[in-house]
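Contents: one structure, followed by commentary.
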Amino acid sequence: MKQVNFSLIASDGMARRGRIDTPRGEINTPAFMPVGTAGTVKAMYPEQVRETGADILLGNTYHLMLRPGAERVAGLGGLHTFMDWQRPILTDSGGFQVMSLAKLRKLTEKGVTFKSHIDGSSHELTPERSIEIQTLLDSDIIMQLDECIALPAERKEMERAMELSLRWADRSKTAFNNQANRALFGIVQGGDDPELRARSAAGLQSIGFDGYSIGGLAVGEPQEVMFRVLSDITPELPWDRPRYLMGVGKPDDILGGIERGVDMFDCVHPTRAGRHGHAYTRFGVINLKNARHKDDHRPLDEASPNPNCRRWSRAYLHHLVRTEEILGAMVLSQINLAYYQELTAGARAAIEAGRISDFAAETRAAWAAGDL
Ligand SMILES: Cc1ccc(CCc2c3nc[nH]c3cc3c(=O)[nH]c(N)nc23)cc1
């Protein structure tokens with residue numbers, strides 16, 4: 001009996017409020033999933049990540065297979081035990097990171113061979129090995145191996161990568177062997193071509209997956225291209241399965257994704273931006289590096305439910321960022337992740353109340369009016 005199940009609780013237009021039940025706990029959707037690349041959400045204790053409202057976080061197959069190694073993590077009890085996060089974890093298949101980080105990559109029908117960006121050692125990632133690694137990590141939601149290409153691209157290149165990804169989807173599903181205690185997602189490719197995207201979605205559904213990721217986006221295309229692809233593809237995906245938009249995004253990307261039927265999001269942005277002095281608030285993003293803050297005694301947002309937005313002056317946060325104090329990265333990472341969770345929690349409530357378009361309008365108005 002499959003122990004990972006998606007329930008649709010409410011919908012409002014294309015927007016959906018759902019819940020994924022897993023052996024390690026529930027995931028409320030729309031969900032923002034913080035990225036814990038190498039077994040840690042940078043500058044945060046796991047319990048702090050939970051306190052921001054996160055139900056699930058992401059681990060990275062590529063980084064963990066290189067260091068400390070998948071077999072080593074398995075020998076240490078799996079990724080949940082290793083990092084002491086007992087709730088759901090989603091892992092990527094690693095192909096995307098190979099193409100963006102590794103050296104001397106060679107892609108064939110079998111898979112991809114590459115040299116580690118850490119120590120130059122040789123590695124091979126195939127659909128079968130990727131499933132094995134994600135299973136060794138004991139991940140709760142795992143991804144097929146796919147090929148993601150950057151946009152813009154030639155149509156024949158988009159078609160080639162999409163068709164390869166479909167063949168790898170079939171091999172991934174076979175290697176997955178219907179494990180009941182975790183979910184396997186297929187990944188829709190096809191660039192910005194509606195016909196290729198539709199073929200990919202249909203091909204994946206004929207193989208059958210527990211959820212459907214939308215890949216090949218957040219790779220440099222303008223937001224309107226991403227939104228058009230989403231509007232084209234979500235109606236083609238099963239209504240009763242989660243949709244995961246990979247690598248997205250900034251708050252306005254996430255709001256637009258929710259309005260177009262996406263359930264799950266991940267992005268390194270909130271934590272990376274936090275480490276670079278950018279704070280996300282209800283009124284938009286504020287660059288605390290800017291000298292204009294150096295005498296500003298006002299808190300970041302005195303009406304925020306997050307104590308860290310009320311506790312310190314903007315001048316102090318500016319000081320932490322300018323001096324590159326570790327506390328600056330810690331505080332701004334927490335502030336940004338908490339804001340992302342506030343946004344998705346607000347969307348969940350709005351969809352349940354049948355008022356997602358009002359919520360979206362109010363949220364965008366606050367971003368635009370921002371007194372930062
Ligand atoms: C830990 C972790 C980090 C990052 C990711 C998502 C990484 C990611 C993309 N990020 C931006 N655009 C992306 C597209 C794809 C894609 O098409 N396929 C895959 N497998 N991953 C993608 C997953 C897990």
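When a ligand or atom number is given, it counts from 1 through the structure's own listing order. For reference, positions follow the sequence shown, starting with 1.
Using a 30° and 60° split on the angle between ring planes, Phe114 and His123 fall in the parallel class, below 30°. Ring geometry for Trp312 versus Tyr316: interplanar angle of 30 to 60°, hence tilted.
Without hydrogens or angle criteria, Ser304 side chain to Asn306 main chain gives a donor-acceptor distance under 3.5 Å. The main-chain N or O of Ser213 is never found under 3.5 Å from a side-chain atom of Arg243 such that the two would form a donor-acceptor pair. Checking side-chain atoms of Arg310 against main-chain N and O of Pro299 turns up no donor-acceptor pair under 3.5 Å.
Within the 4.0 Å heavy-atom criterion, neither part of Ser213 lies near ligand 1. Counting heavy atoms under 4.0 Å from ligand 1, residue Val248 does not touch it at all. Contact annotation: for Leu217 versus ligand 1, heavy atoms closer than 4.0 Å belong to the backbone alone.
Regarding atom 21 (N) of ligand 1, its nearest protein heavy-atom neighbour is Asp92 OD2, 2.8 Å.
For a threshold of 3.5 Å applied to N or O pairs, the pair formed by Tyr244 and ligand 1 contains no separation below that value. Looking at ligand 1, you won't find any N or O of Val219 less than 3.5 Å from one of its N or O atoms. By the 3.5 Å distance cut-off applied to N or O atoms, Phe96 is not counted among the residues near ligand 1. No N or O atom of Asp266 sits closer than 3.5 Å to an N or O atom of ligand 1.
Which parts of ligand 1 touch Asp146 is read off a 4.0 Å heavy-atom cut-off, strictly below it: atoms 16 (C), 17 (O), 18 (N), 19 (C), 20 (N). Contact atoms of ligand 1 toward Gly59: 1 (C) (distance under 4.0 Å to a heavy atom of the residue). Under a 4.0 Å criterion applied to the non-hydrogen atoms of Gly215, ligand 1 contributes the atoms 16 (C), 17 (O). The distance from ligand 1 to the heavy atoms of Gly247 drops below 4.0 Å at these ligand atoms: 10 (N), 11 (C). Those atoms of ligand 1 with a heavy atom of Leu58 less than 4.0 angstrom away are 1 (C), 2 (C), 23 (C), 24 (C). When each atom of ligand 1 is checked for a heavy atom of Val35 under 4.0 Å away, the hits are 1 (C). Of all atoms in ligand 1, listed by their number and element, those nearer than 4.0 Å to a heavy atom of Gly216 are 14 (C), 16 (C), 17 (O). Near Ile187, the atoms of ligand 1 lying under 4.0 angstrom from a non-hydrogen atom of the residue are 20 (N).
The CG atom of Leu79 sits 11.0 Å away from the CG atom of Asp84 when rounded to the nearest 0.5 Å.
Nearest-heavy-atom check against atom 4 (C) of ligand 1 across Gln97, His63, Met99, Met246 picks out Gln97.
A 6.0 Å sphere centred on CZ of Arg67 holds no more than 12 heavy atoms belonging to other residues, nucleotides or ligands.
Considering Asn181, Asp55, Asp138 as possible partners of Arg24, the one that fulfils the side-chain hydrogen bond (donor to acceptor under 3.5 Å, both in side chains) test is Asp138. Residue Met83 forms a side-chain contact (heavy atoms from CB on, under 4.5 Å) with just one option from Val73, Ile89, Val41, and that option is Ile89. Looking at His276, Arg292, His278, His318 one by one, the single match for side-chain contact (heavy atoms from CB on, under 4.5 Å) with Asn287 turns out to be His278.
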| query | Would Tyr340 and Phe32 count as a ring pair (Phe, Tyr, Trp, His ring centres under 6.0 Å) if you check the C-alpha gap in whole Å, the side-chain angles of each, and the deciding distance to 0.1 Å? | reply | CA-CA 7 Å; Tyr340 270 60; Phe32 179 75; 4.6 Å; yes

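Every heavy atom of Gln144 sits 4.0 Å or more from the atoms of ligand 1.
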